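Report on the following structure.
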Amino acid sequence: MTFDNTNMQYRVTLDTDLNLFVVFDKNNQKHVATGVTIEKAVQELQKTN
């Protein structure tokens, strides 16, 4: 799924082996972050942006 935040667009997947959400920057697939919730993963992605 692709989501649109006011700052960026991102794609979210769930890693069921690790039970983590993985968020990818839509414009740069190498820009990735993980978190136990979607919100935490997006926050981590924004920190590294």
Side-chain angles (χ1 to χ4, degrees):
M1 261 184 220
T2 301
F3 295 91
D4 186 15
N5 190 330
T6 56
N7 298 330
M8 72 175 92
Q9 289 187 334
Y10 53 91
R11 185 170 53 92
V12 177
T13 61
L14 175 62
D15 185 332
T16 56
D17 291 332
L18 299 174
N19 289 325
L20 289 174
F21 289 97
V22 183
V23 178
F24 299 89
D25 187 334
K26 185 179 175 194
N27 298 321
N28 182 357
Q29 293 298 313
K30 293 182 180 181
H31 190 210
V32 179
T34 60
V36 293
T37 65
I38 294 173
E39 292 83 7
K40 293 285 185 187
V42 170
Q43 288 174 357
E44 290 300 317
L45 186 67
Q46 289 174 334
K47 284 181 187 177
T48 62
N49 195 7

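None of these values were measured; they are calculated from a predicted model. Computed from heavy atoms alone, side chains included, the values below leave out hydrogens, waters and symmetry copies.
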Which heavy atom of A41 sits nearest a heavy atom of A33, and at what distance?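 So the minimum-distance heavy-atom pair works out to O-CB, 3.5 Å.
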
Please table the atom pairs, donor to acceptor, closer than 3.5 Å between any side-chain atom in residues 14-22 and protein atoms at least two apart or in another chain.
residue	atom	partner	partner atom	Å
D15	OD1	D17	N	3.0
D15	OD1	L18	N	3.2

Distance in Å, N27 CG paired with Y10 OH, rounded so as to fall on 0.5 Å steps: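 It is 13.5 Å, given to the nearest 0.5 Å.
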
side-chain hydrogen bond (donor to acceptor under 3.5 Å, both in side chains) partners for E44, two or more places apart: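 For E44, the residues satisfying side-chain hydrogen bond (donor to acceptor under 3.5 Å, both in side chains) (neighbours in sequence not counted) are K47.
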
Excluding sequence neighbours, so at least two apart, what forms side-chain hydrogen bond (donor to acceptor under 3.5 Å, both in side chains) with T48?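 With sequence neighbours excluded, T48 shows a side-chain hydrogen bond (donor to acceptor under 3.5 Å, both in side chains) to H31, given in chain and number order.
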
